[in-house]
Amino acid sequence: MNSFFDTIFTSDFVFSTIRVTTPILFAALGALISNKAGSPNIGLEGIMLMSALGGVVFSAYTGSAFIGLLGAVLVGLISASILAYFTLKLKTDVILGGIAINFFADGGTIFLLYYLTGDKGTSSSLPSKVLPNIDLPIIQNIPVLGDIISGHNILTYVAIILIIGVWYLLNKTATGLRIKSVGENEDAAKSVGVNIMKVRYLAMALSGVFAGLGGAFLSMGYVSWFSRGMSAGRGWIALAAEAMGRGTVLGTTLSSILFGAADALSNTLQLLGIPSELISIIPYLATVIGLLIYAINNTKKRKLKE
Amino acid sequence: MNVEKRFEIVRTFVAVTISLLIGFAIILFASDEPLSTLYYFIISPSTKMRYLGNVVELAIPLIFSGLATSILFQTGLFNLGSEGVFYFSGLLASIIGIKFSLSFIFHPILAILIGSLFGMIVMLLIGFFKAKWNASELVISLMFNSIFFGIGAYILNFYFRDPNVSGVYSFKMNESVFLNKIIPGTRIHTGLIIALLTVFLVYLFLYRTRWGYEIRMTGLNKRFGKYTGMNTTKVILIASILAGAIAGMGGAVEIIGMYDRFKWSALPGLGFDGALIAMLAKNKPKNVIFAALFLAYIRIGADLMARMTDIPSEMVYILQAIIILFISGKKFLEGYKEKSLLKEVKNNE
Amino acid sequence: MDNYILELKNIMKLYNNGVVANKKVNFELKEGEIHAIVGENGAGKSTLMKILFGMEQPTSGEIFFKGKKTNIEGSDKAIEMGIGMVHQHFMLVPSFTIAQNMILGMEPKKGISIDYNKATDMIKDLIKVYNLKVDPNMKTEDLSVGMKQKVEILKALLRGAKILILDEPTAVLTPQETDELFVQLKKLKENGHTIIFISHKLREVKSICDRVTVIKKGLTMGTYNVSDMTEQEISNIMIGRDVVLKYDKRKNEKGEALLKVENLSYKGIEGNYILKDINFTLNRGNILGIAGIEGNGQRELISIITGNKKNYEGNVFLGEKSIQKLSIGEIKNYGMSYIPEDRMTDGVAKEAFIMENLIGNRYKSSELNNGLLFDMNKINKLSEELVSSYDVVCKDIEQKVESLSGGNIQKIVVARECSIDPEVLIAEQPTRGVDVGAAHFIHEEIIKLRDDKTAVLLVSADLNEAMELSDSLIVMFEGKIVAYFEDVKETDEEELGLYMLGIKRQSEEEIRRAIDEC
Amino acid sequence: SGDDTSGEDSKDELKVALLIPGTLGDKSFFDSANAGLELVKKELGAKTKVIEMGTDSTKWEPTFVDVSEGDWDIIISGNDTTELMNEIAKEYPDKRYINFDTFIEETPDNVYSMFYSTNEVSYLAGALASLVTTSEMELANSENTIGFLGGADTPGINDFLVGYIEGAQYVDPEIKVLVSYAGNFTDPAKGKELGIVQYNSGVDISFNVAGGTGLGLMDAANEEDAYAIGVDSDQAMLFKDSDPEKAERIVSSAVKRIDIAIFNAVEKHIAGELEYGTHNEMGVAEEAVELAKNEYYEELPQEIKDRIKEIEEKIKSGEITVGTAFGISTEKIEELRESVRP
Ligand SMILES: Nc1ncnc2c1ncn2[C@@H]1O[C@H](COP(=O)(O)OP(=O)(O)OP(=O)(O)O)[C@@H](O)[C@H]1O
Ligand SMILES: Nc1ncnc2c1ncn2[C@@H]1O[C@H](COP(=O)(O)OP(=O)(O)OP(=O)(O)O)[C@@H](O)[C@H]1O
Ligand SMILES: [Mg+2]
Ligand SMILES: [Mg+2]
């Protein structure tokens, strides 16, 4: 048991929590923005997957990791735009549309991968590039803190900046105000001349871009190739994190970290020899418990208020 | 028939046609023999009894999960827990099948009851958390899916795994638990009758009883429900229990209807399909049957296409995606609808 | 040829559920006038205004703005043209502050962020000019209906509207507030604003409007100079028959006490008393009116009586039973009907059929059920009857309530609540947004209930209504009862106004009569 | 491309169908079997078709029936479909079936079934890992702990584990083995995390048997400066061109030549020599499984290579027999894992 706590309270553990959290956080922030605009993006899982492939393909064919990243973001943007077109213009139910995007990604990525590489499993034969890890000057030399904060993939830092960016966008800017108004009372927004289509489109597009970054992180940061189904449910986890965060930036961030930490914990727990099936449920159990504690407290507070 | 109903039919028809055309365009690009490919996709499922059987076999679990999910959606609950319930209830049914040996009719009934009971308990919990503490049913249900899968996989691996087969499969179930095949030349089983009966009962319950009324009104406007004096907590619990019972029944029926051992090594996806079905059916029980058959048909068609032609199986997903997008587009052909409405109005004057 | 700022020609609007809301509407607006639009519920007034404001597109017809043919594709276009609109149903984002709601779509910016200081200044200036008191930093969801209305008006003004469309603005205002509004409107007119004013209260039309256009069933019946017409004449054109504006209320004997409120107090979140020491008795066969400016505790009082709030001090008895332990359902079972103030969120399930909304308070009754199942024939028959007797303008009983006009939605609620012969009827603003004819009908229904020995508690911001209908009257001010009149005839509007504003106040003994005299 | 209803055009051509109970891209059985089919097509000029039946096992039976009713000469499948295939084979006695991988010995008369002693090659992998961790190699540490990363806790995967542990213990009876299972085969990020945890816990060489997930181990090895062993195919080759540094970390791979086995079987069928009705175990001796001896392997210290060579010989001669996970209960496996846990 000693060795167990030794592994938890190490900088390695915190470091890996941050790494595990990164892709979830990207998608969760995306989910937050589109939810705020009243059009939940259930397609994040699929968009991440497509972007992961997009990043690999663009970087492999241009030889540039940066262009690969742009490619991933572009793929995210385009997929979200297609979803937006159907849901906003043709009034396809947004949930159904999201499900469709996920289906499309499942088949489409493998189809394209096969077309490009003759392999349905991984893109490892493509010379794709990776995005660099960054050592933060000064901070890297601080004991413990430096080990935890410095040396992450560049996209991890992008994610951290985006937390602040999204908070700023939603709470300080006119666009944010409009996004929230459209989500909460679209007639009200319409009545003051806010173009709800445009706002919703923007929110959807942003969520696609964010999922695109998450996808790029998976295939160009975490590992250096694309493999089938590699988003592995992170898009769904992100939706859960957003819902658990009750539509706030801080809450969404914390919930994402909770998921990340629980997942990192489950990796560590494997060392204890507990059956792996049972270990696999830890992140989910932790979420349920966390959510319930939060909800119960919240209910108590509300009761007091009434 | 009124304009709106007629329009719905025309729109669905055109949407299917257009998505098929797009599918055709992709097939044209990907296949050397687009015509026969299209034939296999669209026509062949209806050419053999066996294939039609496959469609119906696949539709049976979809009806259950679609029905369960539409009840939840109608109550205003975005609960995707049918997936985990399907898996675990299926496992429980197989355990009943392995551990017991009862006379012919009681054995399947016991298996289905146990499956339903489990579904009821799980959904009741999710509903309770929602009603009592307003805990997000979406999050909890997604988490429960993974949790029950983990627990199920553990139970299967440690207690019921047959070491003499290659996969992580359970021991063989006793034959007495299997549902009878009812149409020769197919694997269609009595689960179909149970499914149709359930649809009918749920329809009656939702649209013809006071409890169903409470469920629907609460789903549409919780404050109205409260104002009317409904106990919204109770309503949520009733709907959850009902949906859980149906999802659990679906998992059990699928396992004892289609399998000889428990073989799911991952969540089967049938529960998630329930959300798709419910949406396509606009949460109406009767429509669930058609939505399930429709989805089953295009899936079997796509399987046949992948089996018989050079089209890779991934095409199945791509075509499904396109069809869903178009069919659910409400504004699709709106212009046409307005014109026909206008005509009708003019005619009435 | 007159100088019309806005002309609508042969407007026709077909909604995609097949309802033709405007058949053929012609309408001309002169610069600088206050132009009333009147018509029954569902006549198509709001629809026409939404077309003007770019929120709906006409199916056919033409719009001329300053003589030039124009398409108003969206509200942004309308706003740009200098058209502002205050909608019949609030167009506010509940979680936003007043300030955020007001600047939405025209946010002042500093760099890339919203300049809230500037916004607050802008709003304060406006408030000063128009003397409409609001606190820009309050959350909108906490506002009273009247307050929300003010915010709506300010919203339009902030956008520099030259043409101001007001869709039933006074329906939710107190007489004082209405007067204030009229002062503002006249001032706006002097400053060169043009105003379109929709109201069901012809008295108001008479008092501030220059011209009036009457719409009936989607057709324009004509435009008249208000000075040439009497209220009765306008209403004749509108409804096609004479409406008796007086009630023939016979004297009624009070029965036993059905609702008793004893020493009721209620604390708000900040610990201040929103209700303090309320005492009154409601008797069978009596209509007890509650007058008062909105926000003086009426809402909380009704919440408690109807079982929606529990943590109060004191007692409320329904018959012999304290309601403390009763659920809303049990209170309803006792025979309480309730016409809620907020019909859209509490009164109906918008997306459900008319029929389904009509059975909300009797779906459990054995009359509508055959054992386990609903008796659909009876439900349909009941719904048809109610729709026709309450004159609800609709296609059929399987139309969704959300596609009805405001007044017709109100009729649905009233029909449902009044048709079960309740023991106690709590009526909050029962005729808000209802046309003259329908209002008259609803009033008669309420009086009929009283005659059939129902106890009625009537909350109305419309003093006229409160005086016409009530037998006895309570006036509330700052959470307390400040006056009680055994017989409304003891008082008049003038005097009530003084009580409502807290200027005058009866002695404790006089007020105690509210509970003792039964 | 194949249309099973039009049979006249090619009477003499051999027609071979491969039914995959899952999807391609697993980087394991299925991809390897498909590679075998490609060989058959290219070298033997047969008409071939691969059908991915997906993971929904209710769809396998209809596919088998369809294909069996078609004009295919040989139908290849295996692994999870073994039971079904045996039943179907009995119903279509005129058809020929090849089971590319099963440990079930019962084999109908028209089925030729094969079994790979993956436990033997992982015995070698275990021995190699053990030799590396106790060596003076650059990235080897002083702890005698090795790792195993499985995709899921299943008999197929555990068969590797059993051999791996036995092989490691043969070299060093005191060896410790950290065992992790990812729970799926398509999440390389998870594989990487599990790998990092292992490498941070004293492991300096780890063996992945986890498909796409397992590839994440290679990244972990690269990042944490440690060694990895690949599986199924020579996984160093996956990265040799795109990422040579990563490839260098992969000291060898436990390769299972399903492709060659399928090719050989079909070739024998053509020659009329294939012994239908038999179950054939193929191990190190048959060269159906082997450690990949690529340029990276060649760079290993000579003593290690000599020891491996010696153990190989002992397996071939039968001096060493390796245990298996098939037919073994979960508790027994659990006990084995416990016995080597650090
Ligand atoms: N009227 C106002 N004047 C000045 N600043 C304001 C005003 N209204 C809101 N803000 C600013 O907007 C920010 C967000 O306020 P809000 O209450 O919406 O936070 P929130 O939604 O809980 O935030 P988060 O989503 O980050 O958790 C505050 O920091 C506040 O400074
Ligand atoms: N969004 C909509 N969709 C369909 N029908 C509608 C919609 N809005 C209004 N209608 C219908 O159009 C008709 C006219 O409605 P409108 O709201 O214009 O009436 P109104 O004159 O404003 O009535 P009121 O005085 O009650 O507000 C009504 O029959 C109503 O049911
Ligand atoms: Mg109106
Ligand atoms: Mg070592």
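Just so it is clear, the structure is predicted and the values come from calculations on it, not from any experiment. Chain letters run A, B, ... following the sequence lines, proteins first and then strands; every chain starts at 1. Keep in mind that the numbers below use all heavy atoms, side chains included, and drop hydrogens, waters and symmetry copies.
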Looking at every non-hydrogen atom in both residues, tell me the closest pair between Leu220(B) and Ala352(C) and how far apart they are. CD1-CB, 3.5 Å

Nearest 0.5 Å, please: how far is CZ in Arg208(B) from CD1 in Ile379(C)? 8.0 Å

Is it the side chain or the backbone of Tyr15(C) that comes within 4.5 Å of chain B heavy atoms, both, or neither? backbone

Start with the C-alpha gap between Leu372(C) and Phe205(B), add the side-chain angles, then the distance that decides, and say whether side chain to side chain contact (heavy atoms under 4.5 Å, CB included) holds. CA-CA 9 Å; Leu372(C) 286 177; Phe205(B) 181 79; over 6 Å; no

Among Leu368(C), Ile328(C), Ile331(C), single out the residue with the greatest number of heavy-atom pairs under 4.5 Å to chain B. Ile328(C)

Can you say whether the rings of Tyr213(B) and Tyr363(C) are parallel (under 30°), tilted (30 to 60°) or perpendicular (over 60°)? tilted

Using a heavy-atom cutoff of under 4.5 Å, enumerate the residues of residues 224-246 of chain B that contact chain C, numbered in order, or state 'none'. Phe224(B), Lys226(B), Tyr227(B), Thr228(B), Gly229(B), Met230(B)

Heavy atoms of other groups near Lys286(B) NZ, more than 12 under 6.0 Å: no

Measuring only between side-chain heavy atoms, which start at C-beta, is Tyr207(B) closer than 4.5 Å to Met376(C)? no

Side chain, backbone, both or neither: which part of Thr306(C) has an atom under 4.5 Å from a heavy atom of chain B? neither

Residues, nucleotides or ligands: over 12 heavy atoms within 6.0 Å of Glu73(C) CD: yes

Provide the closest heavy-atom pair for Gly371(C) versus Arg210(B) in the form atom of the first, atom of the second, distance. O-NH2, 2.6 Å

Among the listed options Leu373(C), Ile359(C), Asn357(C), the residue most often paired with chain B at heavy-atom distances under 4.5 Å: Leu373(C)

Sort Met336(C) into side chain, backbone, both or neither according to what part of it lies under 4.5 angstrom from a heavy atom of chain B. neither

CD1 (Ile105(B)) with more than 12 external heavy atoms under 6.0 Å: no

Counting only non-hydrogen atoms closer than 4.5 Å, does Glu417(C) touch chain B with its backbone (N, CA, C, O), its side chain (CB onward), both, or neither? side chain

Residue from Ser60(C), Gly307(C), Ala349(C) scoring the most non-hydrogen pairs under 4.5 Å with chain B is Ala349(C)

Quick one: of Thr345(C), Asn333(C), Asn361(C), who has the most non-hydrogen atom pairs under 4.5 Å with chain B? Thr345(C)

